[in-house]
Amino acid sequence: MTRLAQTAGLNDIQREILSTVRDFVDKEIIPVATQLEHRDEYPTEIVEGLKELGLFGLMIPEEYGGLGESLLTYALCVEEIARGWMSVSGIINTHFIVAYMLKQHGTQEQKDTFLPRMALGEVRGAFSMSEPALGSDVSAITSKGVKDGDEYVLNGQKMWLTNGGTSTLVAVLCRSDEGHPEGTAPHKSMTTFLIEKEAGFGEVRPGLTIPGKIDKMGYKGVDTTELIMDDLRIPANRVLGGTTGRGFYQMMDGVEVGRVNVAARGCGVAQRAFELGVSYAQQRHTFGKPIAQHQAIQFKLAEMATKVEAAHAMMVNAARKKDSGERNDLEAGMAKYLASEYCKEVVEDAFRIHGGYGFSKEYEIERLYREAPMLLIGEGTAEIQKMIIGRRLLEEYRFQG
């Protein structure tokens, strides 16, 4: 074993892509990540490098200028990028979800318009479900789109947009009662609208405002924002898929693959924490020998490595299940739940191995310690994952009495 989290059964192209990404992470991301993170500075040069590597179009079909790779390849690339700096993987993730939703659900005109430019990174995606007054309860959305001739008028306030400022295309979930009589189930009266905008903050198009970045404990560098729609007008051909009432299902499909992505991020951060912990344990001496030779530290390293391997295996399984065309909400929920929880635990153990130095901003583990908690919340909390897992298990193991 040369390192943890190896993936069996990859073809030559996948191995070449991952090798290239890993080299880029080691040379271009890890050396500058902590400095940029402490300044909360957007990683412009890193993003330009990812564009050149073609990662913004990794899963976009070749006919639209992308690489046409699988979810597994994408997830393994995200794992490598998160090992370097989790914020960079977040920049790609929201873009990827919007591109995936367009590929799966968009009209031909929408695909032709956006996917070629998204593959090049010229159009950058963000997606938005959450609002200030709701968290996991998507059915409580109050933002609304009302038909007015050949346009829709959108009003409402959205929250927690990753890439809110730097994106130029936002997929936004709103209520739309048109064609859905009163009493229709909430999830059947939601629509995804594709909003084109300028990059930046403030009023980025008439009726659309992106306030400044939200100041966060971790996950810095990437811009997380609100989105305010005030009589925002968009053409009717910017309803994703061309038909209202399908937004909830479209978003859930995107979130499902997003959960594989978050699992991959958890795997990447945990791998980096293990690397830092095992390295420091061999350099730090106490009682006349490296602390790695103390049994207590060896036990920690053993537990950390086992968790990294287990999380990686579940993430790979969830990605392969989705690639096969099968339903994978159970596997994705399990992978996201386990990887995020194990990530938190591995990072904390690496923090403990560093002792007092782990509390210093001079050491990389301090950054990871602030980043890991976001994964416990992103793409659904642990409690939401448990609900999904529990319901699916009851479907599969229905009591035959």
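Note that the structure is a prediction, hence the values are computed from the model and not measured.
Residue D253 forms a salt bridge (charged side-chain N to carboxylate O under 4.0 Å, His left out) with just one option from R246, R327, K322, and that option is K322. Considering I234, V239, L102 as possible partners of L194, the one that fulfils the side-chain contact (heavy atoms from CB on, under 4.5 Å) test is L102.
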Requested in this report: Determine, step by step, whether H312 and T7 satisfy the side chain to side chain donor-acceptor pair (under 3.5 Å) criterion, reporting the C-alpha distance in whole Å, the side-chain angles of both residues, the deciding distance to 0.1 Å, and the verdict.
Outcome: CA-CA 9 Å; H312 176 84; T7 308; 2.8 Å; yes

Derivation and outcome, side chain to side chain contact (heavy atoms under 4.5 Å, CB included), residues M315 and L76: CA-CA 9 Å; M315 180 271 290; L76 294 175; 4.1 Å; yes

Q.
Under the criterion salt bridge (charged side-chain N to carboxylate O under 4.0 Å, His left out), I'd like the reasoning laid out for K307 against E303: C-alpha separation, chi angles, the key distance, then a yes or no.
A. CA-CA 6 Å; K307 289 173 180 177; E303 292 169 359; 5.1 Å; no

| Passes side chain to side chain donor-acceptor pair (under 3.5 Å), Q250 versus T192? Steps please. | CA-CA 8 Å; Q250 294 163 347; T192 302; 3.2 Å; yes

Does T113 form a side chain to side chain donor-acceptor pair (under 3.5 Å) with E109? I'd like the steps, not just the answer. CA-CA 6 Å; T113 299; E109 184 269 336; 3.0 Å; yes

- L161/E226 under side chain to side chain contact (heavy atoms under 4.5 Å, CB included): CA gap, chis, key distance, verdict: CA-CA 6 Å; L161 273 77; E226 298 175 71; over 6 Å; no

Report the C-alpha distance between L58 and L53 in whole Å, list the side-chain angles of each, state the deciding distance to 0.1 Å, and finish with yes or no for side chain to side chain contact (heavy atoms under 4.5 Å, CB included).
CA-CA 9 Å; L58 190 61; L53 292 178; over 6 Å; no

In sequence, state the C-alpha distance, the side-chain angles, and the governing distance for I365 and R272, and then conclude on side chain to side chain contact (heavy atoms under 4.5 Å, CB included).
CA-CA 9 Å; I365 190 62; R272 185 59 181 166; over 6 Å; no

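Between E371 and R367, at least one side-chain N (NZ, or NE/NH1/NH2) sits under 4.0 Å from a carboxylate O, which counts as a salt bridge. Of the charged side-chain nitrogens involved, none lies within less than 4.0 Å of a carboxylate oxygen, so that R391 and E395 do not count as a salt-bridged pair. Taking a cutoff of 4.0 Å between a charged side-chain nitrogen and a carboxylate oxygen, E37 and K220 do not qualify as a salt bridge. For the pair K336 and D329, the salt-bridge criterion is not met [side-chain N within less than 4.0 Å of a carboxylate O]. Note on E48 versus K51: salt bridge recorded, some NZ/NE/NH1/NH2 to OD/OE distance being below 4.0 Å. In summary, K344 and E341 engage in a salt bridge, as defined by a charged side-chain N under 4.0 Å from a carboxylate O. Between R352 and E348 a salt bridge is recorded (basic side-chain N to carboxylate O distance below 4.0 Å). The pair K361-E366 meets the salt-bridge criterion, with a side-chain N (NZ, NE, NH1 or NH2) lying under 4.0 Å from an Asp/Glu carboxylate O. Taking a cutoff of 4.0 Å between a charged side-chain nitrogen and a carboxylate oxygen, D323 and R320 do not qualify as a salt bridge.
Counting only distance, with no hydrogens or angles, the side chain of R15 and the backbone of L10 share a donor-acceptor pair below 3.5 Å. Looking at D230, its side chain never comes within 3.5 Å of a backbone N or O of G207 through a donor-acceptor pair. Checked by atom type and distance alone, the side chain of Q157 never pairs as donor or acceptor with a backbone atom of L227 at under 3.5 Å. Remark: the backbone N or O of R233 is paired with a side-chain donor or acceptor of R205 at under 3.5 angstrom. A donor-acceptor contact shorter than 3.5 Å is absent between the side chain of E331 and the backbone of V260. No donor-acceptor distance shorter than 3.5 angstrom exists from the side chain of K300 to the backbone of Q295, with no hydrogens or angles considered. Side-chain N or O atoms of Q110 include one that pairs as donor or acceptor with a backbone N or O of N237 at under 3.5 Å. When atom types are taken as modelled, the side chain of R370 and the backbone of M217 share a donor-acceptor pair closer than 3.5 angstrom. Judged by distance alone, with hydrogens and angles left aside, the side-chain atoms of E309 form a donor-acceptor pair with the main-chain N or O of A5 at under 3.5 Å. Checked by atom type and distance alone, the side chain of N328 pairs as donor or acceptor with a backbone atom of A318 at under 3.5 Å.
Heavy-atom neighbours of R398 CZ from other residues, nucleotides or ligands within 6.0 Å: at or below the threshold of 12. The number of heavy-atom neighbours closer than 6.0 Å to CD1 of I13, taken from other residues, nucleotides and ligands shown, is 12 or below. Residue Q293 qualifies as enclosed at atom CD: its count of foreign heavy atoms under 6.0 Å is above 12.
When side chains are defined from C-beta on, V278 does not count as touching M304, because their heavy atoms never get closer than 4.5 Å. Side-chain contact between L330 and M334 is present, with heavy atoms from C-beta onward closer than 4.5 Å. With contacts defined as side-chain heavy-atom distances shorter than 4.5 Å, the pair V153/L232 does not qualify. Side-chain contact check for K158 versus I141: some heavy-atom pair is nearer than 4.5 Å. Proximity of D349 to F274: side-chain heavy atoms (C-beta onward) are nowhere separated by under 4.5 Å. Two residues are said to be in side-chain contact when any heavy atoms from C-beta on lie closer than 4.5 Å; E80 and I29 fail this criterion. Using a 4.5 Å heavy-atom threshold, the side chains of F56 and E122 count as separate.
Side-chain contact annotation: Q14 with T73, donor-acceptor N/O pair under 3.5 Å present. Counted by atom type alone, N163 and H95 present zero donor-acceptor pairs between their side chains at under 3.5 Å. For the residue pair S279/Q283, the side-chain donor-acceptor check at 3.5 Å is satisfied. With no hydrogens or angles considered, no side-chain donor-acceptor pair links T34 and E364 at under 3.5 Å. Of the N and O atoms on the side chains of N261 and R265, at least one donor lies less than 3.5 Å from an acceptor on the other residue. Defined by atom type and a distance below 3.5 Å, a donor-acceptor pair is present between the side-chain atoms of E131 and S143. If you check the side chains of T224 and K216, you find a donor sitting under 3.5 Å from an acceptor.
Taking both residues in full, the closest heavy atoms of S167 and G164 are given as OG-O, 3.6 Å, listed atom of the first, atom of the second, then distance.
The OG atom of S176 sits 10.5 Å away from the NZ atom of K147 when rounded to the nearest 0.5 Å. Rounding to the nearest 0.5 angstrom, the gap separating the CE atom in M387 from the CD atom in E383 is 10.0 Å. Note that CZ of R238 is 13.5 Å distant from CG of L154, once rounded to the nearest 0.5 Å. The line from CD1 of I388 to CD of E256 is 8.5 Å long, rounded to the nearest 0.5 Å. In this structure, OG1 on T168 lies 7.5 Å from CE on M118, to the nearest 0.5 angstrom. Distance OG1/T142 to CG/N155: 10.5 Å, rounded to 0.5 Å.
The aromatic rings of Y280 and H354 sit parallel to each other, their planes meeting at less than 30°, with 60° as the upper class boundary. By the 30° and 60° cut-offs, the orientation of the rings of Y74 relative to F96 is parallel. Between F351 and Y369, the ring planes lie parallel to each other; the angle is under 30°, not in the 30° to 60° tilted range.
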